[in-house]
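Just below is one structure, and these are the notes that go with it.
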Amino acid sequence: MIRIAIQSKGRLNEESTALLREIGIDVDESRRKYLSQASNFPVELLYLRDDDIPGVVASGAADLGIVGLNEVEEKGCEVKIVERLGFGACRLSLAIPKAAEYTGPTWFEGKRIATSYPSVLKRYLEAHGVRATVETIMGSVEIAPAAGIADAIFDIVSSGGTLVANSLKEVETVLHSEAVLISSPALEAGKQEILDEMLFRIGSARGSRGKKYLLMNLPKDSLGQAIKILPAMKSPTVMPLAAEGWCSLHSVVDTSDLWDKVRQLKEIGAEGILVLSVDKIIP
Ligand code: PRT
Ligand code: ZN
């Protein structure tokens, strides 16, 4: 049994549970409590505030956690980053009033900066030899300059809309963040095995993203050209059809190339083209 800490509510909750479901771990939302067990995989889910996840994983109270890289960096806990998960993308950035003229990191010398990420900010300031006052506030950081609490802010930015709405501009990006899977520094062998199985499944699910499965009927004479158009994982699958001179061709293509490939295939006589979603690709 392995215990995974995930955010109980908030921006990462939905995609964390969606990821667990995608890799075949049954997460029963209706019975969600502080701690719940998956019915079909040796996993126990611990629902926490995101701020508590790095510490709980570092102490071994949970074996794994799904949390923003920004929280991991801020807490500085001893955990292993096992996998970047590709959702919850954002950045930790410095922003200043829109009208101010930015002259580089030394702009912050002697200034007051409001943030909920004091450790990451202090490390950045130290690395750039800048002395500034760090004002730690836990919410609504973006209103600090207008409220006269600070000259600048250091906060999470995603679309940048919040900065614009508060007449601020982003001037330095300090950390690119996304949700990460973290683990306790030393997992016992049995737990490592469960983690390896999860990572294998995550890889298979990720491999299928942006892919489509194509099936079509094709005149046998066009097969050589079709194989050039469709360089699939190894090569396209070709199956005979009852109709004389025709075959059925199956292949996987990138979604970004789909319409281009379909056009080329139609030009060489493909008919009855079916485009299907790919759930997993297991290499
Ligand atoms: O209750 P709990 O403590 O668990 O949650 P929380 O309120 O501390 O965190 P939550 O749910 O808001 O965010 C969880 C994680 O999502 C963060 O730690 C980040 O890793 C990630 N994430 C991704 C974001 C954003 N995008 C985001 N846009 N976290 C916060 N924001 C906020 C930001 O603070 C700012 O106020 O959204 C605003 C900026 O958004 P834009 O799009 O206007 O730039
Ligand atoms: Zn939080």
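Heads up: numbering here begins at 1 and tracks the sequence. In each ligand, atom 1 is the first atom listed, and ligand 1 is the first ligand listed.
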Considering both backbone and side-chain atoms of [X], is one of its nitrogen or oxygen atoms within less than 3.5 Å of a nitrogen or oxygen in ligand 1?
X	value
Glu71	no
Ser177	no
Leu69	no

Who pairs with Tyr213 by ring pair (Phe, Tyr, Trp, His ring centres under 6.0 Å), at least two apart in sequence or on another chain?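 Partners of Tyr213 under the ring pair (Phe, Tyr, Trp, His ring centres under 6.0 Å) test: His250.
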Among all residues two or more places apart in sequence or in another chain, which pass the ring pair (Phe, Tyr, Trp, His ring centres under 6.0 Å) test with Tyr124?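 His128.
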Is the shortest distance from a heavy atom of Lys9 to ligand 1 less than 4.0 Å?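 Yes, that is the case, since the closest heavy atom of the residue is under 4.0 Å from the ligand.
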Flag for Ser39-Asp26: side-chain donor and acceptor within less than 3.5 Å: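 Yes - a donor-acceptor pair under 3.5 Å links their side chains.
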When you check the side-chain N and O atoms of Glu170 and Ser93, is any donor under 3.5 Å from an acceptor?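 Short answer, yes.
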Answer yes or no for Lys261 and Trp259: cation-pi contact, defined as NZ/CZ to six-membered ring centre under 6.0 Å and angle to ring axis within 45°.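 Checked: cation-pi criterion not met.
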Heteroatom count (protein N, O or S) under 2.8 Å of the Zn ion (ligand 2):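 If we list every protein N, O or S atom nearer than 2.8 Å to the Zn ion (ligand 2), we get 2.
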Atom 7 (O) of ligand 1 touched by protein (heavy atom, under 4.0 Å):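 Protein heavy atom within 4.0 Å of atom 7 (O) of ligand 1: absent.
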For Gly160, counting its heavy atoms only, list the atoms of ligand 1 lying under 4.0 Å from any of them.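 In order of numbering, the contacting atoms are 41 (P), 42 (O), 44 (O).
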Quick check on contacts: which atoms of ligand 1 are under 4.0 angstrom from a heavy atom of Ser159?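 Once the distances to Ser159 are compared, the set is 41 (P), 42 (O), 43 (O), 44 (O).
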Under a 4.0 Å heavy-atom limit, does [X] contact ligand 1 with its side chain, its backbone, both, or neither?
X	result
Ser158	both
Asn70	side chain
Gln7	side chain

Each residue besides Leu163 in its hydrophobic cluster should be listed here, by chain and number; the cluster joins Ile, Leu, Val, Met, Phe, Trp and Tyr at side-chain heavy-atom distances under 4.5 Å.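 Noted: Leu163 shares its cluster with Ile137, Val141, Ile153, Val157, Leu168.
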Closest contact, heavy atoms only, Glu71 versus Pro54: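 The answer is O-CG, 4.0 Å.
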